[in-house]
Number of protein chains: 2
Amino acid sequence: MLKGVLPLLLLRLVSDAEDYGYSLVLRLQELGLADLNEGTVYPALSRLESRGLLGSRLVPSTTGPARKYYEITPAGAAELSGGVSAWESLARTVHSVLSPATSARNQR
Amino acid sequence: MLKGVLPLLLLRLVSDAEDYGYSLVLRLQELGLADLNEGTVYPALSRLESRGLLGSRLVPSTTGPARKYYEITPAGAAELSGGVSAWESLARTVHSVLSPATSARNQR
DNA sequence: CCCGGTACCTGGCAAAGTCAAGTAGCTGCC
DNA sequence: GGCAGCTACTTGACTTTGCCAGGTACCGGG
């Protein structure tokens, strides 16, 4: 399970430069999320769009059907930055619990 | 959302020393998971027990109803160690995607 | 002309967390 | 004695979200 960070990852990738679903799937797979499925990503993108965090436009491709490029909206950027801090905070907490005394001791 | 790390946190806390649900809720809240609810923790503990990762016994208390103490099983310990590496791997991946743009300035 | 790669969508499912409420033992206060 | 309030666990309905499977469709090459 991706534990709900997927939307965050998508926002982040798209915030660099607009991109389309299929490409995002491939990028995430290469980043180490090998068993990530299209059936997971596309709905996630749709949700983000319907929440107004992403915008999209169709662009014809010469190598296949039209691609749906997504770009981040201001609301999406806000969500992203809030989400990143939430994630960092959670990750720190989890790490401090999971890792034995060595690091748990001088964590804040 | 705690996104699936909760079982891991519980296994970890219990692996230190056996403990009961209510106490675990309080400990996790103090660790920074303030909006964590009993309704989240108790079912999570039950699931872990039904999967054979935790064992339990009832112990009468002088300050209220009997407490259900959980202790980790060998299977639970295995699950824990596997889960920790999975988490750390995921965390690393997520961090590497998220970090680049969120300038290093508001890191810890 | 069909196959394989590109590209998207959908519906049904299951796991896990949230919310809300309920049950019940215990202490202390009036 | 009764009630408030803390302790402690349980349960049910609901929602999100990821997983799986399948479907549609455009394209180039053998």
Side-chain angles (χ1 to χ4, degrees), chain A residues 1-11 13-14 18-30 32-51 53-70 79 83 86-87 90 93-94, chain B residues 1-11 14 18-30 33-51 53-70 79 83 86-87 90 93-94:
Chain A
M1 252 210 181
L2 277 181
K3 293 128 205 253
V5 277
L6 180 59
L8 221 48
L9 296 178
L10 292 174
L11 286 174
L13 290 178
V14 168
E18 64 175 356
D19 203 355
Y20 59 99
Y22 192 76
S23 164
L24 289 166
V25 172
L26 296 181
R27 289 174 68 191
L28 287 171
Q29 286 175 346
E30 280 164 19
L33 306 172
D35 42 355
L36 187 63
N37 199 304
E38 296 174 32
T40 297
V41 174
Y42 290 128
L45 287 169
S46 297
R47 264 176 256 134
L48 291 171
E49 184 176 18
S50 74
R51 289 175 55 199
L53 307 180
L54 291 180
S56 71
R57 65 194 173 91
L58 282 175
V59 177
S61 162
T62 61
T63 63
R67 299 167 173 174
K68 194 166 183 180
Y69 277 84
Y70 290 94
E79 175 83 5
W87 159 262
L90 176 67
T93 300
V94 171
Chain B
M1 250 207 182
L2 278 180
K3 295 126 200 202
V5 275
L6 179 59
L8 222 48
L9 295 178
L10 293 174
L11 285 174
V14 168
E18 64 175 355
D19 203 355
Y20 58 99
Y22 193 76
S23 165
L24 290 166
V25 172
L26 296 181
R27 289 174 69 190
L28 287 170
Q29 285 174 348
E30 280 164 19
L33 307 173
D35 40 356
L36 187 63
N37 200 304
E38 297 174 33
T40 297
V41 174
Y42 289 126
L45 287 170
S46 297
R47 263 177 259 133
L48 291 172
E49 186 177 16
S50 74
R51 288 175 56 199
L53 308 179
L54 291 181
S56 71
R57 63 194 173 94
L58 282 176
V59 177
S61 161
T62 62
T63 64
R67 300 166 173 175
K68 195 168 185 179
Y69 277 83
Y70 290 94
E79 174 83 5
W87 157 263
L90 176 68
T93 300
V94 171

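Chain letters run A, B, ... following the sequence lines, proteins first and then strands; every chain starts at 1. Just the heavy atoms: all of them, side chains too, but no hydrogens, waters or symmetry mates, feed the values below.
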Using heavy atoms and a sub-4.0 Å distance, could you list which residues of residues 57-64 of chain A are near DNA chain D? By number, please.
A/Thr62, A/Gly64
Which heavy atom in B/Leu8 sits nearest to a heavy atom in B/Glu79, and how many Å separate them?
CD1-O, 4.3 Å
Read 5' to 3' with Watson-Crick or G-U pairs under 3.5 Å, [ ] for crossing pairs and | for partners on another strand, DNA chain C gives ||||||||||||||||||||||||||||||
Atom CG of A/Leu45 and atom P of D/dT17: how far apart are they, to the nearest Å?
13 Å
Write out all pairs satisfying salt bridge (Lys or Arg N to Asp or Glu O under 4.0 Å) with one or both partners inside residues 32-42 of chain A, taking only residues at least two apart or from two chains.
none
Using the test salt bridge (charged side-chain N to carboxylate O under 4.0 Å, His left out), find all partners of A/Lys3 that sit at least two apart in sequence or belong to another chain.
none
To the nearest angstrom, how far is A/Lys68 atom NZ from D/dC26 atom C1'?
17 Å
Smallest separation among heavy atoms of B/Gly21 and B/Val41, with atom names:
O-CG1, 4.4 Å
So side chain to side chain donor-acceptor pair (under 3.5 Å) across residues 56-66 of chain B, not counting sequence neighbours, yields B/Glu18-B/Arg57, B/Glu49-B/Ser56, B/Ser61-B/Thr63, B/Thr63-B/Arg67
Any B/Tyr20 side-chain nitrogen or oxygen under 4.0 Å from OP1 or OP2 of D/dC9:
no
To the closest 0.5 Å, what do you measure between CG (B/Leu10) and CG (B/Leu53)?
11.5 Å
Short N/O separations, protein against nucleotides 18-20 of chain D, under 3.5 angstrom:
from   : atom 1 : to      : atom 2 : distance (Å)
D/dG18 : OP2    : A/Arg47 : NH1    : 3.3
D/dC19 : OP2    : A/Thr40 : OG1    : 2.7
D/dC20 : N4     : A/Gly39 : O      : 3.4

Under the ring-ring contact (aromatic ring centres under 6.0 Å, His included) rule, collect the residues that match up with B/Tyr22, sequence neighbours excluded.
none
For DNA chain C, which nucleotides open and close the run of contacts to chain B, 5' to 3', at under 4.0 angstrom from a non-hydrogen atom?
C/dA16 to C/dT27
To the nearest angstrom, the CD-P distance between B/Glu38 and D/dC9 comes to 9 Å
Taking only the side-chain nitrogens and oxygens of B/Tyr42, find out if one of them lies under 4.0 Å from OP1 or OP2 of D/dT10.
no
Who pairs with B/Val94 by side-chain contact (heavy atoms from CB on, under 4.5 Å), at least two apart in sequence or on another chain?
A/Val5, A/Leu9, A/Trp87, B/Leu90, B/Leu98
Output all residues satisfying side-chain hydrogen bond (donor to acceptor under 3.5 Å, both in side chains) with A/Ser46, sequence neighbours left out; order by chain, then residue number.
none
Provide, to the nearest angstrom, the distance between the CD atom belonging to B/Gln29 and the C1' atom belonging to D/dA8.
13 Å
Does B/Arg47 have any salt bridge (charged side-chain N to carboxylate O under 4.0 Å, His left out) partners at least two apart in sequence or in another chain, and if so, which?
none
Taking the nucleotide of DNA chain D with the nearest heavy atom to each, does A/Arg51 or B/Leu26 sit closer to the 5' end?
B/Leu26
Going by ring-ring contact (aromatic ring centres under 6.0 Å, His included), name the residues that satisfy it together with B/Tyr42, two or more places apart in sequence or in a different chain.
none
Smallest heavy-atom separation, A/Tyr69 atom then A/Val59 atom, equals CD1-CG2, 3.6 Å
Please name the pair of heavy atoms, one in A/Tyr70 and one in A/Val14, separated by the smallest distance, quoted to 0.1 Å.
O-CG1, 3.3 Å
